[in-house]
J.: 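First the structure, then my questions, so here it is.
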Amino acid sequence: MDTTIGIWSIFAVLLAIAHGQSTLTSTTETHTETETTEYGPISMVVDQLAGLAVDVSDQTSAQLQGNIERALVEVTGHIEILTSNAMAEMETAIIEANQFVLDNPSCNPAWNLQEFTANVTHQLNDCTFNLGKLVEAYRSDGQKVMASVQSFIQQMAQLPVMCQRQQMGVALGPLNLEFDNSGNCFISGITAINKGLAQAMHNASLFLAHTRTLSQEQVAQSQQCTEAVVSQVIQYLSTLRENCS
């Protein structure tokens, strides 16, 4: 995924900057030691870098969310299109058959337009049932994919504070990382988080590709099914009229 490559490139720059700015000098005023860089206190630099990292990741996350939503709309749209197209193909045949039966009531006394239409609709719904299940699964799995990506972005946002508190075991528990000073903590932490984020984005890319393939296969199967229903209905109505002629 291009966005994954972009993330790695941007973070490589960030880490280079952070590393270059992490050469510390110590000043003592009223017995207080402050870690500084040529750009100011290292805590301020770390906060700025973390903010930039979060901004970049949020933009990438928003793009991913948009891709997932568009794919969801596309799959849902296939269901509506297949059903409406099938009904449109049968509409004339149904209307003509209904009028024929009304004009010849003795032909088929049990004929009921509403029941017949409901039965046809039910058959078409059966044709798109698996597509509907795919939409449900896609929506659920998409939320999980986004939650995974968002978890790493949240860790980025929390990293400076957690490094200052030297609580990396809490901040990055899943990554099993602990560091002894805020400079090394941020550099190592952001590297580990970015690695996890890149993997999460890669998984998202695979998820989208897999879903696209499944949807194409399922749409093809559903279309074959709806076409079969249309053919059967038109043939049934034609036979009904022939038998009454």
Side-chain angles (χ1 to χ4, degrees), residues 1-24 35 37 39 41-72 134 136-215:
M1 177 181 278
D2 293 340
T3 51
T4 301
I5 297 174
I7 290 174
W8 275 108
S9 301
I10 291 172
F11 278 111
V13 174
L14 288 177
L15 293 177
I17 294 174
H19 188 269
Q21 294 175 350
S22 296
T23 302
L24 307 180
E35 295 179 326
T37 72
Y39 296 96
I42 191 171
S43 60
M44 181 182 71
V45 174
V46 165
D47 287 343
Q48 292 174 344
L49 292 176
L52 178 58
V54 170
D55 288 344
V56 171
S57 300
D58 275 339
Q59 293 174 13
T60 303
S61 175
Q63 293 175 359
L64 173 61
Q65 180 69 54
N67 289 337
I68 291 177
E69 291 177 353
R70 281 191 293 274
L72 184 61
L134 179 62
E136 293 177 6
Y138 181 72
R139 182 179 289 109
S140 175
D141 292 342
Q143 291 174 349
K144 294 177 183 177
V145 166
M146 287 304 304
S148 175
V149 171
Q150 287 295 333
S151 70
F152 288 105
I153 297 177
Q154 290 173 0
Q155 289 183 52
M156 284 182 187
Q158 297 168 358
L159 184 59
V161 172
M162 302 309 277
C163 282
Q164 290 173 8
R165 295 177 180 175
Q166 297 183 352
Q167 293 179 348
M168 284 298 295
V170 176
L172 296 175
L175 302 178
N176 296 318
L177 296 172
E178 292 187 12
F179 305 97
D180 53 6
N181 67 68
S182 60
N184 289 337
C185 169
F186 177 78
I187 294 172
S188 301
I190 202 70
T191 300
I193 293 173
N194 182 53
K195 183 177 180 180
L197 176 59
Q199 183 61 52
M201 293 298 296
H202 176 66
N203 292 341
S205 178
L206 295 178
F207 165 71
L208 286 169
H210 180 62
T211 300
R212 187 176 299 109
T213 299
L214 283 180
S215 104

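Positions are given from 1 along the sequence. Both backbone and side-chain heavy atoms feed into the values below; hydrogens, waters and symmetry mates do not.
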J.: Rounded to the nearest 0.5 Å, how far apart are OG1 of T213 and CG of L208?
T.: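 Rounded to the nearest 0.5 Å, the OG1-CG separation comes to 11.0 Å.
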J.: Do Q65 and E69 meet the criterion of a side-chain donor-acceptor pair at a distance under 3.5 Å?
T.: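 Distance-only check passes for Q65 and E69.
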J.: Are any of the side-chain heavy atoms of Q155 and L159 separated by less than 4.5 Å?
T.: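 SC-SC contact between Q155 and L159 ruled out.
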J.: Within this structure, what is the CG-CZ distance for the pair L64 and F207, rounded to the nearest 0.5 Å?
T.: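 Between L64 CG and F207 CZ, I get 9.0 Å after rounding to 0.5 Å.
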J.: Indicate the atoms forming the closest heavy-atom contact of L134 with S215, along with that distance.
T.: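 Smallest heavy-atom distance, with atoms named: CD2-CA, 3.6 Å.
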J.: Could you go through residues 139-150 and list every donor-acceptor pair under 3.5 Å that involves a side-chain atom there, pairing it with any protein atom two or more places apart or in another chain?
T.:
| from | atom 1 | to | atom 2 | distance (Å) |
| --- | --- | --- | --- | --- |
| Q150 | NE2 | S61 | OG | 2.6 |

J.: Within this structure, what is the NE2-OG distance for the pair H210 and S205, rounded to the nearest 0.5 Å?
T.: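 H210 NE2 to S205 OG: 13.0 Å, rounded to 0.5 Å.
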J.: Give the minimum heavy-atom separation between I193 and F152, together with the two atoms involved.
T.: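 Of all heavy-atom pairs spanning I193 and F152, the closest is CG2-O, 3.4 Å.
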J.: Before you tell me yes or no, could you show the steps for T60 and I153 under side chain to side chain contact (heavy atoms under 4.5 Å, CB included), namely the whole-Å CA-CA distance, both residues' side-chain angles and the distance that decides it to 0.1 Å?
T.: CA-CA 10 Å; T60 303; I153 297 177; over 6 Å; no
J.: Under the criterion side-chain hydrogen bond (donor to acceptor under 3.5 Å, both in side chains), I'd like the reasoning laid out for Q199 against N203: C-alpha separation, chi angles, the key distance, then a yes or no.
T.: CA-CA 6 Å; Q199 183 61 52; N203 292 341; 3.0 Å; yes
J.: Please name all residues satisfying side chain to side chain donor-acceptor pair (under 3.5 Å) with Q59, sequence neighbours left out, ordered by chain then number.
T.: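 Side chain to side chain donor-acceptor pair (under 3.5 Å) list for Q59, sorted by chain: empty.
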J.: Taking only residues two or more places apart in sequence, or in another chain, which ones meet R212 in a side chain to side chain donor-acceptor pair (under 3.5 Å)?
T.: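 Residues passing side chain to side chain donor-acceptor pair (under 3.5 Å) with R212: none at all.
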J.: Rounded to the nearest 0.5 Å, what's the gap from CG on L72 to CD on E136? Could you check?
T.: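 If I round to the nearest 0.5 Å, the distance is 11.0 Å.
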